Amino acid sequence: MSGAQPVAVFDMDGVLLHGDAFGAFVRHRLRRSPAHLAAVAGAWPWLAGPILLRRTRKIGVRELLRIALAGLDDAGYDRAARAFAVRLGARVDRVVHQAISEVRLLQAAGHLVVVATACEERLARAYLDAIGLADVAVVGSVIEFRRAGMRVRRHNHGVQKIEALAELGIMAPWAHAFTDALSDLPLLRGAERPVLVNPDGWLRGRVTRSLGREADEVVWLDPPG
């Protein structure tokens, strides 16, 4: 897909968006329905257990997703996700305008820009459309709805992002990779210019040790005045 064209890969949550898009969508779905909120009480013991019981917490997260997305089919999810993304994209406290400017600068310099995110792909696509980045490719997590309910077909996290990019014909090395997450070390390792967004000392140290070199850094914190 990219050929000789330089590629810039962006994470989305924490980079192009302040916060977690899919998490915000799930919370929105739970808050809007008293029945959903009541059902959450049944999942709470799975979430409130000891932090070391990761399997238990995963069960709780799956249960929250099942509750939040109950009653939706594929078309219904599309409508709900797109409507929420439009509202999210209109919030000045959520949109990272510095990141959008960086995307445009890289495109003007001839780069192919692609967003690789753990957010569900259709929600991510709708958010990018809402903030004026309809021309930017995206790979994300994939969910599907069956008679038995929702299931995750692809969790686009960590090394899975590399595999998803490869499906688009985008192979390392890429020119730039922007992220705020340690889980994106595979993206950073594949970049000629790895870039940390708003890093703290812990993230900076872990990435430096893992890469064997310092990453570049950008600070994209403040919404426009």
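Since the model is a prediction, treat every value here as computed from it, not as a measurement.
- When side chains are defined from C-beta on, Tyr127 counts as touching Val95, because their heavy atoms get closer than 4.5 Å.
- Relative ring orientation between His176 and His111 is described as tilted, the plane-to-plane angle lying within the 30° to 60° band.
- Judged by distance alone, the side chain of Thr179 and the main-chain N or O of Asp184 form no donor-acceptor pair under 3.5 Å.
- Using a cutoff of 4.0 Å between basic side-chain nitrogens and carboxylate oxygens, Arg154 and Glu163 are not scored as salt-bridged.
- When all heavy atoms of Arg94 and Asp20 are compared, the pair lying nearest together is NH1-N, 4.2 Å.
- If you chain together hydrophobic residues whose side chains sit under 4.5 Å apart, Ile170 and Leu185 never meet in one group.
- Here the closest heavy-atom approach between residue Val207 and residue Ala215 is recorded as CG1-CB, 4.2 Å.
- Val142 and Val138 are not part of a single hydrophobic cluster, where members link through side-chain heavy atoms under 4.5 Å apart.
- Both Leu17 and Phe10 are part of a single hydrophobic cluster, where members link through side-chain heavy atoms under 4.5 Å apart.
- At least one side-chain heavy atom of Val136 sits under 4.5 Å from a side-chain heavy atom of Gln107.
- Annotation: Glu192, atom CD; neighbour count of heavy atoms from other residues, nucleotides and ligands within 6.0 Å is above 12.
- When every heavy atom of Pro199 is checked against every heavy atom of Val218, the shortest pair comes out as CD-O, 4.1 Å.
- Atom CG of Leu123 sits about 11.5 Å away from atom CZ of Arg125, to the nearest 0.5 Å.
- Under the 4.5 Å side-chain heavy-atom criterion for grouping Ile, Leu, Val, Met, Phe, Trp and Tyr, Val15 is not connected to Leu203 through any hydrophobic cluster.
- Between Leu188 and Val195 the shortest heavy-atom distance is CD2-N, 3.9 Å.
- A donor-acceptor pair is defined here as one N or O able to donate and one able to accept, closer than 3.5 Å; such a pair exists between the side chain of Asn156 and the backbone of Thr117.
- Taking each heavy atom of Asp11 and Lys161 in turn, the nearest pair found is OD1-NZ, 3.2 Å.
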Side-chain donor-acceptor contacts of residues 75-88 below 3.5 Å, not counting sequence neighbours, with atom names and distances?
from  : atom 1 : to     : atom 2 : distance (Å)
Tyr77 : OH     : Glu120 : OE1    : 2.5
Asp78 : OD1    : Arg122 : NH1    : 3.1
Arg87 : NH2    : His28  : NE2    : 3.2

Task: Pair Arg104-Leu133, side chain to side chain contact (heavy atoms under 4.5 Å, CB included): steps then yes or no - done: CA-CA 9 Å; Arg104 292 309 186 200; Leu133 296 181; 3.5 Å; yes
Open item on the list: side chain to side chain contact (heavy atoms under 4.5 Å, CB included), that's the test. Do Val139 and Val115 meet it? Break it down for me.
Closed with: CA-CA 6 Å; Val139 289; Val115 171; over 6 Å; no
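- In this structure, the side chain of Trp220 does not engage the main chain of Leu16 through any donor-acceptor pair within 3.5 Å.
- Qualifying side-chain contact (heavy atoms from CB on, under 4.5 Å) partners for Ala134, counting only residues two or more places apart in sequence or in other chains: Asp129.
- Across all their heavy atoms, Asp13 and Cys119 have their closest contact at OD2-CB, 4.1 Å.
- Formation of a donor-acceptor pair under 3.5 Å by the Gln5 side chain with backbone atoms of Gly110 is found in this model.
- Note: Phe22 and Phe25 have tilted aromatic rings, judged against thresholds of 30 and 60 degrees for the angle between ring planes.
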Task: side chain to side chain contact (heavy atoms under 4.5 Å, CB included) between Val114 and Trp174, worked out - done: CA-CA 11 Å; Val114 58; Trp174 26 81; over 6 Å; no
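- Connectivity analysis of hydrophobic side chains (ILVMFWY, heavy atoms under 4.5 Å, direct or indirect) links Leu105 to nothing; its cluster partners are none.
- Between Asn198 and Asp180, the closest side-chain pair of non-hydrogen atoms is not below 4.5 Å.
- Considering CD of Gln160 and OG of Ser141, their distance stands at 8.0 Å, rounded to 0.5 Å.
- Note that CD of Glu121 is 11.0 Å distant from CD1 of Ile143, once rounded to the nearest 0.5 Å.
- Taking 4.5 Å as the limit, some side-chain heavy atom of Pro194 sits within range of a side-chain heavy atom of Arg213.
- Hydrophobic clustering of Ile, Leu, Val, Met, Phe, Trp and Tyr side chains at less than 4.5 Å, counting indirect connections, keeps Leu196 apart from Phe178.
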